[in-house]
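Here the structure is a predicted model, which is why all the values come from computation and not from measurement. Here is the naming used below: chain letters follow the sequence lines, and residue numbers restart at 1 for every chain.
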Amino acid sequence: MHHIETYISVIPLYAVLVSIAVVPLILMSARNANLREFWTILAGVIKFGLVLTLAPDALQNKAAEFTIIEIAPSVDLVLRADPFGIYFALIASGLWILTSFYSIGYMRGAGEKKQTRYFASFAVCLSATIGIAFSGNLLTFIIFYEILTIATYPLVIHKETKVAIAAGRKYLIYTLTAGLFLIAASAITFILTDTMEFSAGGIFDSTVIPKNTMIILFMLFLCGVGVKAGIIPFHSWLPAAMAAPTPVSALLHAVAVVKSGVFGVVRIVGFIFGPEVMSSYGLNIILIVFSGSTIIIGSLLALRQDNLKRRLAYSTVSHLSYIVLGAALLTSSGFTGGIFHIATHATMKITLFFCAGAIYVNLHKENVSELDGIGKVMPWTMASFTIGALGLAGIPPINGFVSKWFLGIGALEANQIIVLVIFIISGLLNIGYFFPIIQRAYFKEGYDITKNREASMFMVVPLVITALLSLLMGFYPDLLLDFYSIASGISSSLIGGAGL
Amino acid sequence: MIIRNLPAIIPLLFLAAALLIPLINLLKKNSAFSIAVFVSLLASVVSGYGLYYVDTNETIRYSFGGWQPPIGIEYVYDRLAAFVALVINVISLIVITHSLKAVKEELSDREMPYYAITMLLLCGLNGIVLTGDIFNLYVFVEISSLAGYALIAVGEERSPFAAFRYLLIGTIGASLYLLGVGFLFIMTGTLNMINLAQILPSINETPTVIVAVTLMVSGIGIKTAIFPMHGWLPDSYTYAPSTTSALIAPIGTKVGAYVLFRLLFFIFGIDYFSRILPVGDLIAFFASAGIIFGSIMAIAQKELKRMLAYSSVAQIGYIALGIGLANPLGFIGAVLHVLNHAFMKACLFLIAANLRINEGHSDISKFDIKLGKKYPWTFAAFTIAALSMIGLPPMAGFFSKWYLVLATIDSKAWFYLGVILLSSLLNAVYFFRILERIYMKKYSSDEIKEEVVFAGNPNKYEGGLSLLIPVVLLAAGIIVLGLFNASIVSLINRMIS
Amino acid sequence: MFSELFLEYYDYWFIIILMIVGMYGMIMKKNLVKKIIGLTIFQMGIILFYVASAVKWKATVPIYTPSVPNTEIANYINPLPHTLMLTAIVVGVATLGVAFALLIMIYNRYKTLHEPELLERMK
């Protein structure tokens with residue numbers, strides 16, 4: 001296992017705080033929309049810049065650490081930017097900038113109210129997400145996890161319609177309950193091991209704890225982080241939360257919130273239990289069963305949805321479990337593929353949500369059945385949509401193929417042929433629920449509109465960028481930010497072997 | 001040296017104030033409020049210094065009239081006592097500072113007696129905390145209770161009857177405690193707590209001592225309002241004047257909890273009540289029943305003060321659960337929750353008071369977005385306190401729950417773990433119900449349909465800075481206590497080491 | 001055995017009966033004044049309990065006087081329970097005072113001290 005060299009630096013703290021710091025500024029400039037959005041963008045750029053300065057550490061296996069305060073005796077509130085944390089923070093903060101631009105176009109285009117509250121909550125969410133990424137121990141993780149729960153709530157209920165409020169309630173019930181399970185599980189871990197640090201390879205001594213205790217503890221953790229990770233049967237808040245404005249669905253329900261859950265699963269599998277303990281107690285089987293069935297059921301449910309965003313939501317449910325399943329395989333390629341899928345799924349799914357939002361703002365269409373001929377009306381949007389959809393189905397050369405490839409190899413390495421079968425079936429199902437959309441868009445006559453009616457540039461440019469990112473990352477997995485190298489580095493720190 | 005007299009100074013300060021307020025009021029009208037604030041400020045400073053002193057030096061023991069213990073009455077100022085005294089005095093300082101307008105509004109011409117009796121109440125509460133003599137403790141319990149009955153009875157129309165019921169139940173509680181003291185005295189011939197703790201281990205399996213413990217714990221249980229002995233609490237808190245509820249709810253019952261700490265952890269010892277007599281199990285069982293019962297009843301309430309009263313029943317359950325689990329982590333959780341809950345409940349009750357003063361009601365069904373817009377800071381404070389009550393980090397409430405959770409796991413008490421987690425959810429239900437209304441509920445009346453325009457408050461600063469600042473201060477305190485709880489916990493750790 | 005239990009400790013049995021009577025009055029009586037009477041009887045039981053516990057026949061006050069040769073410690077009475085009860089009586093009187101003050105308030109508002117009627121009028 002690689003030793004991670006730790007040094008003290010305040011940068012992780014700044015990276016977390018910068019977006020919370022602009023919240024007062026956002027609130028104060030409520031009357032001047034342009035100034036208000038300027039603060040958001042400014043915070044986004046600074047945040048991304050700060051995370052970028054940490055990025056070289058991830059490749060050199062170094063970690064910037066900052067202890068904020070001793071939050072409980074012998075437990076610190078500590079931020080540690082280890083490679084995995086930096087990896088997640090890069091994705092979240094990078095896509096936040098794009099989403100901010102997109103939000104400006106969307107919120108103004110759709111004429112949403114209470115934009116100040118929206119941008120303020122969004123900034124808090126990002127602070128919490130980066131906090132989750134950089135959490136050095138379970139207690140810090142819980143704190144940011146709960147902050148994220150609360151900060152997302154105003155975004156889910158943003159429209160304040162009956163549906164939105166009901167969705168908000170559902171969201172709270174699911175996530176708060178999950179938070180409680182997580183607290184219980186962490187407390188048990190603390191009592192058993194006297195520590196709550198995340199450490200590559202786990203903190204449990206596999207010989208002393210009885211098997212039943214371990215299984216119950218693992219289930220508690222799974223309930224705790226599985227809700228945000230959308231594992232069936234804890235998933236149903238996610239489609240409901242699609243009542244939120246589309247940028248929220250895009251960033252939070254495709255990147256930040258759900259990925260925090262998945263990130264939590266990988267943290268717990270890799271850094272609390274550790275691959276050895278996982279396999280010696282048979283915990284990986286539990287995880288494989290849950291995530292495997294989620295992949296299939298999620299895809300099947302996606303097939304039935306007519307509402308575009310709900311279809312994407314179920315697709316998200318199923319794709320999140322790719323990542324979980326990758327971790328559950330406990331092999332080097334499995335971890336690499338799963339962790340890499342965090343990045344690839346983020347770029348692809350955010351593209352799709354951006355497209356859905358652009359269609360909604362521009363044409364006020366929400367359902368798949370209404371999209372006939374839309375490819376001619378919104379060519380850029382639909383081209384990007386196609387790239388994202390093909391990528392999710394795992395068709396080369398888009399980046400989704402790369403992560404699926406490694407996941408497939410991981411399944412073979414673990415001798416889990418059934419997992420490979422699951423991946424293949426799910427790929428087919430992906431095609432099943434995405435191709436009808438593409439087919440309707442390009443090969444059906446719906447609109448006899450001659451002129452091009454794209455959405456505003458604020459919306460189209462970000463979604464084209466994310467689509468291009470997805471495409472290019474397929475050719476060059478190490479494009480721009482070395483996501484692939486970091487992912488395989490993390491994987492080898494967990495397993496010990498080289499990540500291919 | 002004055003520090004040696006510290007244990008006596010604090011209760012005497014309040015006693016003197018209680019007597020002086022009527023006298024000075026003869027010379028100078030309307031001076032009661034300033035004296036009360038001054039005295040409680042003084043007491044806060046003194047007890048703050050006292051806590052610092054006993055934590056860095058040693059326990060202060062003060063013998064009244066020079067009679068050496070165990071013959072004479074002794075006051076003991078140790079870390080636990082100093083801690084609880086500081087909580088009492090700081091909370092009462094904040095609440096009394098807030099009270100000027102509320103008391104004028106609700107009690108018009110009876111300010112002077114109100115403050116005099118408040119001082120008497122605080123004398124009693126401080127006395128309970130500082131005394132080292134179990135009979136003297138009874139006297140202070142009755143002083144504080146009698147003052148409490150009076151303070152409750154001057155509230156709404158129904159308040160005298162609520163106070164009367166409280167009086168009946170409370171007197172039974174105190175009498176049972178007194179009876180228990182009698183049994184202990186017959187067996188040991190001493191009333192001094194430290195002396196008792198030395199004598200008891202040799203005789204603690206005799207039936208007389210067991211009966212004594214049972215009587216004392218159930219007597220104090222009534223005063224603490226541990227389920228199912230909570231019956232007096234909801235009516236009293238609801239119908240009492242706003243200031244009284246804000247004063248008694250955070251600290252009144254906590255002092256009862258303090259007596260349980262003293263009795264069970266320091267006089268009888270953890271070993272006694274977990275091994276010889278299953279007092280701990282019983283307390284934990286009733287506590288968890290109270291947690292669930294209180295939370296469910298709170299969900300059913302339509303009036304803010306009443307909801308908070310039932311929530312208090314549940315929160316006292318947390319403290320009692322920490323005691324009942326009878327392990328060091330439970331003790332930490334319970335003592336920490338005494339502090340945290342004092343801040344949260346004081347904050348929430350003051351908000352209810354503000355609403356009653358400014359809006360004339362605290363009826364949840366009338367809460368809507370207009371109210372939220374009108375009082376942005378007040379409801380920001382409410383949100384913080386509510387999140388803390390639910391137990392979300394990084395608010396203070398999370399950490400006391402965290403230690404309680406650790407304690408249940410340490411005792412392998414899975415049932416109680418489930419109770420704590422479930423109750424967090426129930427708390428979330430009744431607080432988010434209000435938050436939803438405040439931030440999203442459209443006008444209750446249909447005639448106004450346009451977008452809410454913030455027209456400015458009738459009076460500046462959400463009803464005046466004197467009402468707003470204490471609330472905001474307490475809310476800030478909740479966050480600060482959450483972030484800096486490690487040093488508090490290590491202090492609590494030093495209490496039992 | 002049983003006769004012994006009753007005869008030897010008849011004073012305590014009396015106290016127990018007193019307390020039960022008091023408790024009965026507090027719970028069962030509908031009139032609030034009678035409830036207070038019950039409360040007082042209950043408290044008296046406890047006071048008598050203390051007093052009874054300190055009874056010692058043919059003993060003397062615990063003051064050392066050289067002229068009286070009664071210096072055996074066993075012949076002194078422990079005065080503490082009695083003095084404690086002086087305090088308890090004062091507390092009881094104060095409670096009684098507050099209770100009656102409350103009753104006056106209740107009567108002024110509802111013109112009754114009969115509990116069912118009171119509850120009826122409070123609605």
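- Interface remark: of the candidates B:V489, B:L425, B:V405, B:L425 forms the most heavy-atom pairs closer than 4.5 Å to chain A.
- Separation of atoms CD1 (A:I183) and NZ (B:K401) is listed at 8.5 Å; rounding is to 0.5 Å.
- The distance from atom CD of A:E160 to atom CD1 of B:I369, rounded to the nearest 0.5 Å, is 5.5 Å.
- Heavy atoms closer than 4.5 Å to chain A are found in the side chain of B:L417, but not in its backbone.
- Other residues, nucleotides and ligands contribute over 12 non-hydrogen atoms within 6.0 Å of the CZ atom of B:F293.
- There is no contact between B:I420 and chain A, counting heavy-atom distances below 4.5 Å.
- For B:W414, the CH2 atom is densely surrounded, since the number of other residues' heavy atoms within 6.0 Å is greater than 12.
- Chain A forms more heavy-atom pairs under 4.5 Å with one residue of B:W402, B:F398, B:F399 than with any other, namely B:W402.
- Nearest heavy atoms, B:S424 versus A:L180: CB-CD2, 3.6 Å.
- For B:L387, the part lying near chain A is the side chain, with the backbone staying farther off; criterion is any non-hydrogen pair under 4.5 Å.
- Ranked by heavy-atom pairs under 4.5 Å with chain B, the list A:I68, A:V75, A:I173, A:L176 is led by A:L176.
- Highest contact tally toward chain B, considering only A:F181, A:Y153, A:F144, is held by A:Y153 [criterion: heavy-atom pairs under 4.5 Å].
- The two residues B:I409 and A:A184 have their closest heavy-atom pair at CD1-O, 3.7 Å.
- Only the side chain of A:L139 has a heavy atom closer than 4.5 Å to any heavy atom of chain B.
- Top candidate by heavy-atom pairs under 4.5 Å with chain B, chosen from A:I147, A:L172, A:L77, A:T149, is A:L172.
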